[in-house]
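Data first, discussion second: the structure below is written as structure tokens.
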Amino acid sequence: MNTKTALLSAALLVCAGTAQATDYPLTLENCGQTLTFDAAPARTVTVGQATTEILYLLGLGPTVTGTSVWFTNVLPQFAELNAGIPRLADNDPSFESVAAETPDLVTVQHEWHVGPQGIVATREMFHDIGVPTYVLPSDCASKDNSRGSDGTRSEMFSTASIHRSIEELARIYDVEDRGAELVDELKAREAAAIEHARALDLPEGVSAVFWYSSAEMDIDPYVAGRKGAPGYMMQQLGIENVVASDEEWPTVGWESIAKADPTVIVLAEMTRRRFPADDVEKKLEFLRTDPVAKEMTAVRENRIVVMDLQAMEATVRAVYGLEELSAALAGLDLQG
Amino acid sequence: MRSRARRARWHWGWIAPPVLLAALIAGTAIGETRIPASTVLQVLGNKLFGTVYPVARIDEGIIWNYRLARAVVAAACGAGLALSGVVLQALLRNALADPYLLGISAGASTGAVAVTVAGFGAGALSLSTGAFAGALLAFVMVAALARAAGGGTGLQAAGVIVLAGIAGAQLFNAMTAFLIAKSANAEQARGIMFWLLGNLSGARWQDSLVAVPAAALGLGVCLWHVRSLDAFTFGADSAASLGINVRRVQAVLIGAAALVTALIVSLVGAIGFVGLVIPHAMRFLVGGRHRLLVPASALAGAVFLIAADIVSRILIPGQVLPIGVITALIGAPAFAAILIRGRARK
């Protein structure tokens, strides 16, 4: 080994240990569009709770000048920080309310907010006024948002897409060290959660359904398709999803769900109250009183797990969801 | 002529119960999941005749509480919508008249969407309450407009109410579009679509407590007024010349049609095409005399909606289609066939 290679190897080793500063202008591909940044954004508007929480976790809270699309409470450690940041809308903000904040970047959780039929606006509309939009890769990579109500996944959700979001945002904001630290932390938690889940050694044939909400109490509910974050959790635990659809949140009839008789029912908990079934208590009431639903084994044996909605979506909290689910399953008798 | 009509009446009297029963059994036997016919019969035996076959409780629940309740609600709604169509076509002497003409369904949709999207009375007001309120509001507005525009008796009055209905429907459709454009997201659009195109997936026995009396009310009022309905097909003036209290009868019949439609839309959403197609189809089969047309339309509407619901559940495996899609997909070609056959006969 000559001196030159030795020096190069040493340099590479140093680089692996600490991430280097971002070299602006930075160009990166994001969900089919090319974004260029001349400097770290100083003002950010977020469309979607998941992207807001990633920025908070990266220590970028001070750059956030407006947030929107809140389904549940913010992660508890950020309650105070979040309370001080204007909320443009609980649900979908208008294009102008976002533009009025003159953001350097708009970060987006769900592609449909800014997609070709964007509810807020199209990405082009933002780019035309010089505002770049960053969509979380977890909502566009391996996912077709033009099919199905909430998009259809071609591949199983993977936490790698979350890690990628964190690493890319860390590069954009020049906080790569914090990004690498956060990814390592999430990877460690995920590994521990998977180990805990596998150690449960669940019996064969355990199945589950994840119930999000329903447009009306009695009609077909929205439940988790097999390739979203719930699908990932079930895969790690060796649980079968009674729903076969690749749509993110397909509508499936109670007849099909009851006939499949899942071992466990997971209910989404959220602070949003748009539909009566957004309320966990209403979902529980339905399960316990509907003449067919109440006969399902999971209801009779009270094998019902309540999980924060953000943990059921393609977000950093999916790992927390896996932790919660394996902890909950450890306390249930799953025989029969 | 008279004896033929009487024979036909007997014919319908005999044919109605078994046809309806067969449709209800088909609606109960066919669904999203496969349940053996023997199980279906055992559950029906246990529930109706007190037999004690051992059946899985989930199967029993699906067959009795989901499928049969759904078939009964579908039958009642189909009958009610068809009867509303019969009434409106006779009274307005307009072949295109159906419950939607008066803007009732547009109003119901606005009410439902207002509750869903805008969150009016969220929690306290259900979608169906919103739909019912919207339907009645639309009907009252259309009726008031027709009245203010000088609607009285005669052909011209029929034209006025048709125009008022069109104006009302446009207004309410615009409000629905406004509410959707303002704040609906992808998730809500799904709920709204099911509502605008009809959805029987939430039908349970308690819904039949509204649907069956609504259909019975429609049938009763129509049967009570068969002579008046016949007279109105020749125009309000001829009806008046036959000694019919035109205003009172018009109010009773249109009021009943509006109420029945509003109740049905509030239960299962806006299912189109039944009120338009069924009366026409039955007129070709049994003629224009309402003594036959009324019961025939009620029966055909009931069977048609049960059949459409079955198709909506099995057309795409694992996915339930809005029933309004099916009623239009089956209804439009069937309607075309009837039109062409009718022309050939002439």
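Only this structure's heavy atoms are used, side chains among them; waters, hydrogens and symmetry mates stay out. Every chain is numbered from 1, with letters handed out A, B, ... down the list of sequences. Note that this is a predicted model, so its numbers are computed, not measured.
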Quick one: does B/S201's side chain have a donor or acceptor within less than 3.5 Å of a partner on A/D220's backbone? yes

Do B/Q206 and A/D218 have side-chain heavy atoms sitting under 4.5 Å apart? yes

Under 4.5 Å from a heavy atom of chain B, the part of A/M217 involved: neither

Please round to the nearest 0.5 Å and tell me the distance separating atom CG of B/N65 and atom NZ of A/K294. 8.0 Å

Partner set under salt bridge (Lys or Arg N to Asp or Glu O under 4.0 Å) for A/E255, not counting sequence neighbours: B/R67

If you round to the nearest 0.5 Å, how far is CZ of B/R204 from CH2 of A/W254? 9.5 Å

Check the side chains of B/Y66 and A/D290 for a donor-acceptor pair under 3.5 angstrom, ignoring hydrogens and angles. yes

How long is the gap from NZ on A/K259 to CD1 on B/I58, to the nearest 0.5 Å? 8.0 Å

Between B/T33 and A/S256, what is the shortest heavy-atom contact and its length? CG2-CA, 3.7 Å

I'd like to check B/E60 versus A/V292 (side-chain heavy atoms, cut-off strictly below 4.5 Å). Are they in contact? no

Atom group of B/R57 that falls short of 4.5 Å from chain A, counting heavy atoms: both

What I'd like to find out is whether the side chain of A/E216 reaches to under 4.5 Å of the side chain of B/N199, using heavy atoms alone. no

Where on B/R34 is there a heavy atom nearer than 4.5 Å to chain A: the side chain, the backbone, both, or neither? backbone

